[in-house]
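This report concerns only the one structure given below.
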Amino acid sequence: MSEPKIVDTATLTVGDKTVELPILEGTEGPRVIDVRKLYAETDMFTYDPSYTSTASCDSELTYIDGDVGILRHGGYSIEDLTENSSFLEVCYLLLHKELPNQAELTEFETTITNHTMIHEQLRNLYSGFRRDAHPMALLIGVVGAMSAFYHDSTDINDPQQRLIASHRLIAKMPTIAAWAYKYTVGQPFVYPNNDMSYAENFLHMTFSVPAEEYKPSPAIVRAMDKIFILHADHEQNASTSTVRLAGSSGANPFACIASGIATLWGPAHGGANQAVLEMLAQIGDKKNIPEFLERAKDKDDPFRLMGFGHRVYKNYDPRAGVLKASADEVLEEVGAANDPLLDLAMELERIALEDEYFVERKLFPNVDFYSGIIFKAIGFPTSMFTVLFALARTVGWIAQWKEMIEDPGQRIGRPRQLFTGPTERPYPPIGNR
Ligand code: ACO
C-alpha cells in the first residue's frame with residue numbers, strides 16, 4: 001500500500017499550548033489533518049460523531065468526488081466499468097487492485113463458479129426461521145453461521161485463508177440470497193448451475209422452480225450484472241465502516257460481513273431501495289406529489305423523500321445516471337415501459353429537482369431511487385431489494401476488510417467520547433429510589 005505523504009503542517013493553539021499536526025495527502029481528494037498525536041499532546045479528543053469531517057483510514061480501492069459526481073474503482077470510472085466489465089472482473093479488481101488479464105479472469109471465474117454451493121447442513125438453518133421473516137434477517141443469520149462451517153478460512157493471519165474466505169463469500173452469496181427468497185415464498189431451494197454466469201445463476205436460483213426453469217433474456221442478465229457492478233463498493237460508508245471496525249478486533253471474515261449486512265439493512269442506507277417503492281405506493285398518484293414534497297420539507301414530519309440525498313454526493317449520484325438508462329432498457333424488455341409507478345417516479349424526480357428546498361440542499365436522486373424500479377420490473381418483491389444490494393456489496397466489504405488486515409499499521413478501532421452523564425454520586429438503597 002502506498003503511504004500518504006506529509007505535505008504541510010497545521011498549527012492548533014488551545015489555551016497556552018500549540019501543537020503542530022501533519023497534513024497528509026493521498027493521490028486525489030481532500031487532504032487530511034493527522035490528529036493521532038492530539039490526545040497525547042493536549043489531553044483533548046476531536047469530536048465528530050457522524051464522521052462528517054473524519055477520514056477513518058487510508059484506502060486504495062475506491063475514489064468518490066461527491067461534488068462533481070465521480071466514482072472510480074482502482075482508477076477506472078464506474079461508467080467505464082459498467083460499460084466494459086463484468087461483475088466478476090470488478091470483483092477481481094477490488095480484491096487484487098488491478099484488472100485481470102484473460103487467463104486470470106478465466107481462472108477467477110472458474111474458482112467462483114466452483115464455490116457456489118453451500119454446505120448442505122446450512123440448509124437446515126433456514127427452517128429455523130419463520131416464513132414471514134425478512135430475507136435480510138435470514139441473510140445475516142446464514143452468513144454469520146458460515147463462521148461455523150468454513151473453519152479452514154477463518155485464520156485472518158493466513159493470506160491464503162483470507163483469499164479463500166473472500167472467494168467463498170462472493171461465490172455463495174447468490175445462493176444464500178436466492179434461498180432466503182425461496183424460503184419466504186415457500187418454494188423449494190434451487191441449486192446453483194455451474195454452466196451459467198454469476199448473474200444468470202442468481203436469477204435461476206431465485207426464479208426457477210422444479211416444474212419450470214426460468215430463462216432470463218440476455219438483456220435482463222446484463223442489467224442484473226450491471227446493477228451488481230454499480231453496488232460493488234462505495235468506500236467508507238456505514239456498512240463498510242462497520243465491517244472494518246468489526247474486523248479490526250480480529251473477528252473472522254464471515255462474522256464481519258454479517259455485521260455489514262446488519263448495518264446495510266437500515267432505511268438510511270441500503271434499506272432505502274425498498275423504502276423508495278413503499279413511498280411511491282404511498283404517494284399513489286402524481287396529483288399527490290406536492291403534498292408529499294411539503295411533508296419532506298417539514299421538520300416536524302419524519303417523512304423524507306427516499307432515494308434522495310447522500311452524505312457524499314452533492315451532485316447526481318453517478319450510479320443513478322447509469323441505472324436510469326438501464327431502467328429504460330429493462331422496462332422495455334419486460335413490457336413495463338408504461339408502468340404508472342415509473343411514471344410517478346419520473347414526475348417526482350422532475351418536480352424535486354426544480355424545488356428550491358432540494359436545489360439549495362443539493363439533494364439529488366441516489367442509486368436507490370432507480371434500483372428499486374428495476375428490481376420490481378425484473379420481478380423481485382420489495383423485501384428482496386436490500387438483499388440484492390448486500391449480495392453485490394459483499395465484494396466491497398471483503399476487499400476493504402482484506403486491505404485493512406494487510407495494512408501493517410492496523411490496530412483495533414476504538415473511538416472515544418465526550419461524556420455528558422452524571423458525575424460520581426452515592427449509591428442509593430433500592431427502597432430510597
Ligand atoms: N428528504 C428531505 N430532506 C432531506 C433528505 C430527504 N431525502 N435528505 C436530506 N434532507 C435535508 C435534511 O433535512 C437537512 O436539512 P436542513 O439542513 O434544513 O436541516 C439537509 O437536507 C442535509 O441532510 P442531512 O440529514 O444532514 O444529511 P446526511 O448526510 O446526514 O444524510 C442521507 C444523508 C441519510 C442519505 C439522507 O439524505 C436521507 O435520509 N435520504 C433518504 C434515504 C436514502 O435515500 N438513503 C440512501 C442513501 S444512498 C445509499 O445508502 C446507497
Side-chain angles (χ1 to χ4, degrees), residues 50-51 61-62 64 66 71 73 78 87 90-91 94 133-144 169-170 173-174 176-178 180-181 184 202 206 224 226-246 256-280 304-313 317-320 322-323 326-327 345 363-376 378 380-401:
S50 313
Y51 304 105
L61 295 172
T62 294
I64 301 175
L71 168 59
H73 300 307
I78 194 66
F87 176 64
V90 174
C91 289
L94 287 166
H134 195 290
M136 281 296 277
L138 278 105
L139 208 62
I140 295 169
V142 177
V143 173
L169 278 156
I170 295 166
M173 200 57 120
I176 295 170
Y181 169 70
T184 56
F202 172 62
T206 306
M224 196 75 247
K226 253 188 201 177
I227 292 172
F228 289 160
I229 295 175
L230 289 169
H231 288 83
D233 190 42
H234 213 228
E235 53 120 302
Q236 309 312 320
N237 56 84
S239 54
T240 303
S241 299
T242 305
V243 170
R244 278 190 180 252
L245 196 54
C256 295
I257 301 305
S259 76
I261 300 171
T263 307
L264 189 77
W265 196 357
H269 193 7
N273 53 17
Q274 172 172 347
V276 169
L277 264 271
E278 287 163 358
M279 173 191 73
L280 290 174
R304 279 193 160 198
L305 215 53
M306 300 315 285
F308 271 76
H310 198 276
R311 173 60 63 81
V312 180
Y313 292 119
D317 179 338
R319 301 167 300 173
V322 177
L323 269 185
S326 268
L363 299 170
F364 288 86
N366 57 48
V367 67
D368 292 316
F369 189 72
Y370 293 104
S371 61
I373 293 166
I374 303 186
F375 293 158
K376 178 175 181 286
I378 296 177
F380 291 102
T382 45
S383 62
M384 276 297 283
F385 292 2
T386 315
V387 170
L388 294 164
F389 193 157
L391 189 174
R393 181 55 58 84
T394 296
V395 64
W397 289 327
I398 200 72
Q400 298 265 356
W401 169 82

side-chain contact (heavy atoms from CB on, under 4.5 Å) between L388 and I227, intermediate numbers included: CA-CA 9 Å; L388 294 164; I227 292 172; 6.0 Å; no
Report the C-alpha distance between W265 and I140 in whole Å, list the side-chain angles of each, state the deciding distance to 0.1 Å, and finish with yes or no for side-chain contact (heavy atoms from CB on, under 4.5 Å). CA-CA 10 Å; W265 196 357; I140 295 169; 3.7 Å; yes
When rounded to the nearest 0.5 Å, the distance separating CG of L94 from NE2 of H73 is 5.5 Å
Mind checking whether F389 and H231 have parallel, tilted or perpendicular rings, split at 30° and 60°? perpendicular
Starting at CZ of F87, measure out to CE of M224 and round the result to the nearest 0.5 Å. 10.0 Å
I need the minimum non-hydrogen distance between L230 and R319, along with the two atoms involved. O-CD, 3.2 Å
Point-to-point distance, once rounded to the nearest 0.5 Å, from OG of S383 to CD of E278: 9.5 Å
Measure across L391 and M173 and return the closest heavy-atom pair with its distance rounded to 0.1 Å. CA-CG, 3.7 Å
Checking the side chain of H310 only, and the main-chain atoms of D317 only, is there a donor and an acceptor separated by less than 3.5 Å? no
Starting at CD1 of I64, measure out to CD of E235 and round the result to the nearest 0.5 Å. 4.0 Å
Distance (rounded to the nearest 0.5 Å) between H234 NE2 and T62 OG1: 8.0 Å
Using side-chain heavy atoms (C-beta onward) and a distance below 4.5 Å, is M279 in contact with R304? no
Would you check if V90 and V395 make a side-chain contact, meaning some heavy-atom pair closer than 4.5 Å? no
Minimum-distance pair of heavy atoms, taken over all atoms of G309 and N366: O-ND2, 2.9 Å
Worked verdict on Q274 versus H134 for side-chain contact (heavy atoms from CB on, under 4.5 Å): CA-CA 12 Å; Q274 172 172 347; H134 195 290; 3.2 Å; yes
Measuring from atom CG of D233 to atom CH2 of W397, what distance do you get when rounded to the nearest 0.5 angstrom? 10.5 Å
Tell me whether S241 contacts the main-chain N or O of Q236 through its side chain, where contact means a donor paired with an acceptor under 3.5 Å. yes
Any idea which heavy atoms bring P318 and I78 closest together, and the distance? CB-CG2, 4.1 Å
Looking at every non-hydrogen atom in both residues, tell me the closest pair between F385 and K376 and how far apart they are. CZ-N, 3.9 Å
Taking C-beta and beyond as the side chain, do F369 and L323 meet within less than 4.5 Å on heavy atoms? no
Would F375 and N273 count as a side-chain contact (heavy atoms from CB on, under 4.5 Å) if you check the C-alpha gap in whole Å, the side-chain angles of each, and the deciding distance to 0.1 Å? CA-CA 9 Å; F375 293 158; N273 53 17; 3.9 Å; yes
Would you say that R393 contacts F228 through its side chain, given a criterion of any heavy-atom pair below 4.5 Å between the two side chains? no
Tell me the closest heavy-atom pair linking I170 and C91, and the distance in Å. CG2-SG, 4.1 Å
Is the closest side-chain heavy-atom distance between L169 and V143 below 4.5 Å? yes
